[in-house]
Amino acid sequence: MSTDAIVLLKNDHKEIRKAFTEFERAGDQAHVTKGRLVDRIIELLTVHTYIENEVMYPRVRELLPDLEDDVLESYEEHHVADLLVVELAGMKPTAERFDAKTTVLIESVTHHIEEEEKDWFPKVREGLGRKALQEIGAEMVEARKKAPKRPSQPSALKKTVDAILA
């Protein structure tokens, strides 16, 4: 298995997109299915944003200072996703705004993923090269082992509180 940081993040993106597609295809009255899918989306996004925030973004910021603005924008996009995830985690799938809130989350995260893959990842790959990306990827693999899976877990909660207070 590759430890290239960008390969690892793109694999996460594929899983996240798959869950989004399943939600969108579930049908209006599929509350149980949508609830299960949103739980999966919450877990995928909580782990993914934790790994990016704790490893990828700080390392890129340190090694490629020219990408500072991109990293700061990504932190803000994660902030928006974190807030929506926390709200969705406390909602029932039958709630009036559950589908709408999930749709906004999907649109926001999809935009973020597209920006990363089309614009940011090529800059990072060019700036860092294979060896550095493999080292960062290895750090990400380790971080994933302790990553929170729910926004209510302490390490995720701290990130969310920091986002709300920022």
Side-chain angles (χ1 to χ4, degrees), residues 5-28 30-61 64 67-125 136 140 143-144 147-166:
I6 291 173
V7 171
L8 295 173
L9 293 175
K10 282 185 172 184
N11 288 340
D12 281 1
H13 289 171
K14 277 185 210 158
E15 266 194 89
I16 292 165
R17 281 188 174 117
K18 183 176 181 245
F20 287 172
T21 300
E22 288 175 25
F23 179 89
E24 292 168 337
R25 291 182 180 159
D28 289 340
H31 301 300
V32 172
T33 300
K34 284 184 171 181
R36 182 181 47 77
L37 288 167
V38 167
D39 281 346
R40 177 81 177 125
I41 289 167
I42 288 170
E43 179 179 324
L44 290 169
L45 290 177
T46 301
V47 170
H48 183 76
T49 60
Y50 176 85
I51 290 165
E52 281 189 324
N53 287 358
E54 295 297 315
V55 180
M56 185 68 170
Y57 294 164
R59 298 285 281 132
V60 169
R61 203 172 176 186
L64 298 174
L67 297 183
E68 173 86 6
D69 289 344
D70 292 333
V71 171
L72 293 175
E73 182 181 336
S74 291
Y75 278 129
E76 291 307 314
E77 289 172 346
H78 281 193
H79 167 75
V80 171
D82 289 342
L83 295 175
L84 292 169
V85 160
V86 167
E87 291 174 6
L88 281 166
M91 290 177 86
K92 293 188 182 324
T94 53
E96 179 182 51
R97 292 167 48 190
F98 185 83
D99 282 9
K101 194 172 296 287
T102 304
T103 299
V104 170
L105 176 66
I106 289 170
E107 290 170 354
S108 173
V109 171
T110 299
H111 166 80
H112 173 74
I113 287 171
E114 287 171 359
E115 262 188 356
E116 276 190 342
E117 291 188 358
K118 290 181 181 151
D119 184 43
W120 198 64
F121 286 170
K123 290 178 191 173
V124 170
R125 184 168 298 288
I136 293 168
M140 288 168 43
R144 182 180 299 275
K149 291 181 172 33
R150 300 293 302 169
S152 55
Q153 287 179 261
S155 50
L157 202 52
K158 180 195 178 308
K159 179 174 67 106
T160 304
V161 169
D162 289 349
I164 292 168
L165 298 177

Nearest heavy-atom neighbours spanning Tyr50 and Ala143: CE2-O, 3.7 Å
Answer yes or no: is there a donor N or O on one side and an acceptor on the other, between the side chain of Thr21 and the main chain of Arg17, under 3.5 Å? yes
From NZ (Lys34) to CD1 (Ile41), nearest 0.5 Å: 10.5 Å
Looking only at non-hydrogen atoms, find the nearest pair between Val47 and Pro148 and report the distance. CG2-O, 3.3 Å
Lys123 side chain near Leu67 side chain, heavy-atom distance below 4.5 Å: yes
Under a 3.5 Å threshold, yes or no: a donor from one side chain and an acceptor from the other, between Glu115 and His111? yes
With sequence neighbours excluded, what pairs up with Glu114 under the salt bridge (charged side-chain N to carboxylate O under 4.0 Å, His left out) test? none
To the nearest 0.5 Å, atom CD1 of Ile113 lies from atom CZ of Phe20 at 5.5 Å
Inter-residue atom distance Thr102.OG1 - Leu88.CG, 0.5 Å rounding: 4.0 Å
Which of Glu76, Glu52, Glu117 passes side chain to side chain contact (heavy atoms under 4.5 Å, CB included) with His112? Answer is Glu52
Would a 4.5 Å heavy-atom cut-off, applied to side chains only, mark Leu44 and Arg40 as touching? yes
Are His13 and Glu116 linked by a side-chain donor-acceptor pair shorter than 3.5 Å? yes
Side-chain donor or acceptor of Lys101 paired with backbone N/O of Val85 under 3.5 Å: no
Does any non-hydrogen side-chain atom of His78 lie less than 4.5 Å from one of Leu45? no
Side-chain contact, heavy-atom cut-off 4.5 Å: Arg61 with Leu72? yes
Among Val109, Asn11, Thr110, which residue meets the side chain to side chain contact (heavy atoms under 4.5 Å, CB included) test with Ile16? Val109
Residue pair Glu43 / Thr46, side-chain heavy-atom distance below 4.5 Å: no
Could you tell me whether the side chain of Asp12 reaches within less than 4.5 Å of the side chain of Arg144, counting heavy atoms only? yes
Between Leu83 and His79, is the side chain to side chain contact (heavy atoms under 4.5 Å, CB included) condition met? List the steps. CA-CA 6 Å; Leu83 295 175; His79 167 75; 3.5 Å; yes
Heavy-atom nearest pair, Gly35 first then Phe98, reads CA-CZ, 4.3 Å
Asp70 side, atom CG; Phe121 side, atom CZ - distance, nearest 0.5 Å: 11.5 Å
Indicate yes or no: at least one non-hydrogen side-chain atom of Ile136 is less than 4.5 angstrom from one of Met140. yes
